[in-house]
Amino acid sequence: MEPLRIALRYLLAKRGSNVVSVISLISVTGVGVAAMAIVCVLSVFNGFAILARSQTDTLTPDLRVDPLYGKAIDGIDSVTALISAVPHVRAVVPVLEERALAKCGSRQMPVRIKGVTDNYANVTSIDRVVKSDGMFVLSDSVLGPVATLSVGSAVGLQVRPGVDSYVDIYVPRRRGRINPANPSASFLSGMFAVGGVFQADDAETDADLVLLPFGEAARLLDRDNAASAIEIGLEPGADADNVADVLRERLGNTLSVSTRRQQQQTSMRMIAIEKWITFAMLAFILTIASFNIISTLSMMVIEKTDNIRTLYAMGATRSFIGSIFRYEGWLISLAGGAGGVVAGVVLCLMQQWFGFIKLGGDHQVMVTDVYPVRVEVVDILVVLLLVAAIGWITSAVAAAFSRHRLGLSSAGSHCSGG
């Protein structure tokens, strides 16, 4: 521990040269600011990931069953009965999904239709995201079949819930020949009253989704006792992973079962990729900032040349002297890194608790009006490991320079003596 003790004394002792003191302070500050920036940026990405997950959870079921081959699950009645018999399953909803054309008056747009049953409100939070001037219903004794439009579809078609609001849905025929002389016969169509408009605050869902009664969707898509997927709602407190394992065993190898997190895997992966690309860029900046440490240690070696000669004369080896400045580089890096991490954590926790940094734009139409942050221990450990790795590299350079300096000094002393 002797080299470490000497390194601590060198770090804390008053400098003979003010320049070395200033450069040392700049080095520690540079590493600290870079480490603080990394912690803050990673925490902001964590916050946005949690925010995105909370929004996609709105219409994402606890579990979803999809076909591994083809576009449909056949024999849907028997499959839903089998799933319903699994413990902790609260609701089962077969769904039919396909691209279609929606038309309202002279306005039309491509949409994504999704046929659902009355149980859909039990596997998602659709009731919570429907606007106040409408409701989620699939049929009405007076109006007939009812459609619930996403906000993007409603804006594109310029339609809102009301007695006189209807949309026509057109889907290409799945079977039969196409008659070029009568193109309209190549489509199956249906008219639906607009019962509600929903906004899930998820860009993909809000863009063009239209919810239809399952029976009407089956007619349009010419599907009999089949579904594109099965969405499952679980009892509160149920372990989704355990239930998914049970379903995989009972359903066999022709169907896949995915949990809510697995359904969101693509969007979450994109956020994670952006997060770690940004981390790599900031790590490069931290590396550049650490070059100041090499300058600081080089000047410190020059300043401590007399001390090095004294230690060498007292029997210290070159390795021992190199270890002193290796520890010195570690101490400077870790002091700056630890200080920056602490400052970054404090700032992020203050933002997390008090939200003093606001987002720009119209806060009335935004999901949140403050920058979301979330401090995670893994990020802090990664930053500390990065600082330690950079400190090891810079300290190795400083140790090599100190041994080189000692060799020059020894050579100079021999020449003088000669």
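By convention here, the first residue in the shown sequence is residue 1.
Contact of the Leu247 side chain with the Glu249 side chain is not registered, since no non-hydrogen atoms from C-beta on lie closer than 4.5 Å. Within the 4.5 Å cutoff, the side chain of Leu211 has heavy atoms near those of the Tyr120 side chain. The shortest side-chain heavy-atom distance between Phe45 and Val373 does not fall under the 4.5 Å cut-off. No side-chain heavy atom of Ile232 sits less than 4.5 Å from a side-chain heavy atom of Asp62. Put simply, the side chain of Pro110 reaches to within 4.5 Å of the side chain of Arg99, judged on heavy atoms.
With rounding to the nearest 0.5 Å, the separation of CG in Leu59 from CD1 in Ile126 is 5.0 Å. How far CD1 of Ile38 is from CG of Leu384: 10.5 Å, rounded to the nearest 0.5 Å. Put simply, CG on Leu96 and CG on Leu220 are 10.0 Å apart, with the number rounded to the nearest 0.5 Å. Between atom CG of residue Leu157 and atom CD of residue Gln108 there is a gap of 9.0 Å, rounded to the nearest 0.5 Å. Atom OG1 in Thr58 sits 10.5 Å away from atom CZ in Phe198 (nearest 0.5 Å). Atom-to-atom distance recorded for Ile230:CD1 and Thr80:OG1 is 6.5 Å, nearest 0.5 angstrom.
Gln263 places a side-chain N or O within 3.5 Å of a backbone atom of Thr259 that can act as its donor or acceptor partner. At distances below 3.5 Å, not a single donor-acceptor pair connects side-chain atoms of Gln199 with backbone N or O atoms of Lys131. Checked by atom type and distance alone, the side chain of Ser165 pairs as donor or acceptor with a backbone atom of Arg160 at under 3.5 Å. Under a 3.5 Å cut-off, the side chain of Arg219 and the backbone N or O of Ser189 do form a donor-acceptor pair. Gln352 places no side-chain N or O within donor-acceptor distance of the main-chain N or O of Pro372, the cut-off being under 3.5 Å. Judged by distance alone, the side chain of Asn225 and the main-chain N or O of Asp77 form a donor-acceptor pair under 3.5 Å. Of the possible polar contacts, one joining the Ser78 side chain to the Gly75 backbone as a donor-acceptor pair under 3.5 Å is found.
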Run the side-chain contact (heavy atoms from CB on, under 4.5 Å) test on Phe279 and Leu42 for me, step by step, so that the C-alpha distance in whole Å, both residues' side-chain angles and the decisive distance to 0.1 Å come before the verdict. CA-CA 7 Å; Phe279 169 78; Leu42 294 183; 3.9 Å; yes

Go through the steps for Leu286 and Val31 under the test side-chain contact (heavy atoms from CB on, under 4.5 Å), then give the verdict. CA-CA 6 Å; Leu286 177 60; Val31 173; 4.0 Å; yes

Val89 vs Val86, side-chain contact (heavy atoms from CB on, under 4.5 Å): CA-CA, chis, key distance, verdict: CA-CA 6 Å; Val89 170; Val86 174; 3.9 Å; yes

Can Val167 and Met191 be said to form a side-chain contact (heavy atoms from CB on, under 4.5 Å), step by step? CA-CA 6 Å; Val167 293; Met191 178 180 289; over 6 Å; no

Validation: residues 145-155 side-chain donor-acceptor distances under 3.5 Å, sequence neighbours left out:
residue: Ser150; atom: OG; partner: Ser153; partner atom: N; Å: 3.4
residue: Ser150; atom: OG; partner: Ser153; partner atom: OG; Å: 3.1
residue: Ser150; atom: OG; partner: Asp206; partner atom: O; Å: 3.1
residue: Ser150; atom: OG; partner: Leu209; partner atom: N; Å: 3.2
residue: Ser150; atom: OG; partner: Leu209; partner atom: O; Å: 3.1
residue: Ser153; atom: OG; partner: Asp208; partner atom: O; Å: 3.4

For a quick test of your reading: what N or O donor-acceptor pairs under 3.5 Å do the side chains of residues 376-383 make, sequence neighbours left out?
residue: Asp379; atom: OD1; partner: Lys275; partner atom: NZ; Å: 3.2
residue: Asp379; atom: OD2; partner: Asn46; partner atom: ND2; Å: 2.6
residue: Asp379; atom: OD2; partner: Lys275; partner atom: NZ; Å: 3.3

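Using a 4.0 Å cut-off between charged nitrogen and carboxylate oxygen, Arg64 and Glu231 count as a salt-bridge pair. With salt bridges taken as basic N to acidic carboxylate O contacts below 4.0 Å, none links Lys103 and Asp168. Between Arg112 and Glu98 there is no salt bridge, since no side-chain nitrogen of the basic residue lies less than 4.0 Å from a carboxylate oxygen of the acidic one. Ion pairing of Arg223 with Glu97 is absent here, as no side-chain N (NZ or NE/NH1/NH2) approaches a carboxylate O to less than 4.0 Å.
Contact record, Ala244 with Leu63: CB-CD2, 3.9 Å, taken as the closest heavy-atom pair. In plain terms, the two heavy atoms of Gly196 and Val130 that are nearest each other are CA-CG1, 4.4 Å. Heavy atoms only, all atoms of each residue included: Leu138 and Pro213 are closest at O-CG, 3.0 Å. Pro87 approaches Arg250 most closely through the heavy-atom pair CD-NH2, 4.4 Å. Between Ala226 and Ile76, the closest heavy-atom pair is N-CG2, 3.8 Å. In terms of heavy atoms, Val129 sits closest to Ala200 at CG1-CA, 4.2 Å.
Using modelled atom types and a 3.5 Å distance limit, the side chains of Asp245 and Asn242 yield no donor-acceptor pair.
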